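This report refers to the structure that appears directly beneath it.
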Amino acid sequence: GVSEACSSNRVGAFTSLVVLYIFGCTKLLSLDEFLTPDYLPAVKDIWVACCDELTSLPVDRLHSFTCLQMLVIKDCPKLNTQMVLTLPSSLKNFELESCPGIEYIDNRQLGSTPALEKLKLTHCSTLRSISGSIAVAQVESVYILDCPELTEVRQPLRRGNWHVLCHSE
């Protein structure tokens, strides 16, 4: 079911939108003004892919998307999230692919991400650390490929599937 927070009526541009795809917007520079909980209060899935010039996402507000269950960011080579990406506690699936500007994924200030079931990180050449409460026992599937700078994964999984290849050739 939809939680009360997700179904509440809020004034905003897209109050009923639950799935957002942004794909192939090669000249798009920033989503800072658009990706806000006020504009997208009910969004559950966000997909951002193949945005060659995208340099900015509102990383300081991502954790405020209380309904967000899936976040997929792929092939955004210039994306720089001020080096730290913070995820919302409602997130079930997080995929980050070919985004070399992200160095850290950190959820320490959020306490835990009990909903997270799938974590997929591929071709993130500068990713150094996954810390905080991301890698809790509830995560069922972790896939990390070609993240050669990754040196820290805190709170390792106690069950589920691990697939890790951190070097590239």
Side-chain angles (χ1 to χ4, degrees), residues 6 10 12-107 109-110 113 115-132 134-135 139 141-150 153 163-169:
C6 297
R10 298 182 196 175
F14 301 99
T15 57
S16 299
L17 187 70
V18 293
V19 178
L20 174 64
Y21 287 97
I22 300 173
F23 182 81
C25 299
T26 58
K27 304 282 185 194
L28 182 65
L29 298 175
S30 173
L31 287 170
D32 287 348
E33 299 298 320
F34 179 67
L35 283 182
T36 68
D38 290 336
Y39 283 135
L40 305 164
V43 72
K44 290 183 180 182
D45 297 357
I46 297 175
W47 295 69
V48 179
C50 300
C51 297
D52 298 338
E53 298 298 318
L54 184 65
T55 59
S56 182
L57 284 176
V59 295
D60 59 334
R61 288 189 301 257
L62 280 179
H63 69 276
S64 299
F65 284 92
T66 58
C67 303
L68 191 62
Q69 295 179 7
M70 176 178 279
L71 177 60
V72 177
I73 305 169
K74 293 183 177 187
D75 298 313
C76 298
K78 293 185 180 179
L79 184 62
N80 183 341
T81 64
Q82 301 166 350
M83 302 305 168
V84 179
L85 182 63
T86 303
L87 304 177
S89 60
S90 59
L91 202 63
K92 289 184 179 183
N93 184 345
F94 175 57
E95 296 183 27
L96 183 66
E97 179 179 326
S98 298
C99 297
I102 297 172
E103 289 189 16
Y104 302 99
I105 300 171
D106 187 350
N107 275 13
Q109 65 272 32
L110 298 180
T113 53
L116 192 65
E117 296 171 358
K118 181 181 178 187
L119 176 64
K120 182 177 180 184
L121 306 169
T122 57
H123 309 295
C124 296
S125 59
T126 60
L127 183 64
R128 298 180 187 280
S129 175
I130 304 167
S131 59
I134 252 187
V139 180
S141 178
V142 174
Y143 183 85
I144 301 172
L145 172 68
D146 192 20
C147 300
E149 297 297 317
L150 186 61
V153 180
H163 302 282
V164 179
L165 178 61
C166 289
H167 69 281
S168 62
E169 299 196 30

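None of these values were measured; they are calculated from a predicted model.
To the nearest 0.5 Å, the span separating CD on E117 from NZ on K92 amounts to 5.5 Å. Here CD of Q69 is found 7.0 Å from OG of S90. Values are rounded to the nearest 0.5 Å. Separating the CG atom in L127 from the OG atom in S125 is a distance of 9.5 Å, to the nearest 0.5 Å. Atom CG of D38 is separated from atom CZ of F14 by 13.5 Å, given to the nearest 0.5 angstrom. The CE atom of M70 lies 12.5 Å from the NZ atom of K44; values are rounded to the nearest 0.5 Å. The structure places CG of L68 at 7.5 Å from CG of D45, a figure rounded to the nearest 0.5 Å.
Across all their heavy atoms, P100 and P77 have their closest contact at CG-O, 3.4 Å. Across P88 and F65, no two heavy atoms sit closer than the pair CB-O, 3.6 Å. What you find for D75 and D52 is that their closest heavy atoms are O-OD1, 4.4 Å.
A ring-ring contact (aromatic ring centres under 6.0 Å, His included) with W47 holds for exactly one of F94, F23, Y21; it is Y21. Tested against L71 for a side-chain contact (heavy atoms from CB on, under 4.5 Å), the candidates L91, L96, N93, L57 yield a single pass: L91.
By the salt bridge (charged side-chain N to carboxylate O under 4.0 Å, His left out) test, E95 pairs with K74, K118, sequence neighbours left out. Judged as a side chain to side chain contact (heavy atoms under 4.5 Å, CB included), and not counting sequence neighbours, the contacts of C76 are V48, C51, L54, I73, L79, C99. Evaluation of the side chain to side chain contact (heavy atoms under 4.5 Å, CB included) rule for T122 yields E97, K120, Y143, L145 as partners, not counting sequence neighbours.
Without hydrogens or angle criteria, T55 side chain to K78 main chain gives no donor-acceptor distance under 3.5 Å.
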Name every donor-acceptor pair, under 3.5 Å, that has one atom in a side chain of residues 24-37 and the other anywhere in the protein, sequence neighbours excluded.
unit_1 : atom_1 : unit_2 : atom_2 : d
S30    : OG     : D32    : N      : 3.1
D32    : OD1    : S56    : OG     : 2.9
D32    : OD2    : S56    : OG     : 2.6
T36    : OG1    : Y39    : N      : 3.3

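The stretch residues 13-26 participates, sequence neighbours left out, in no salt bridge (charged side-chain N to carboxylate O under 4.0 Å, His left out) pair at all.
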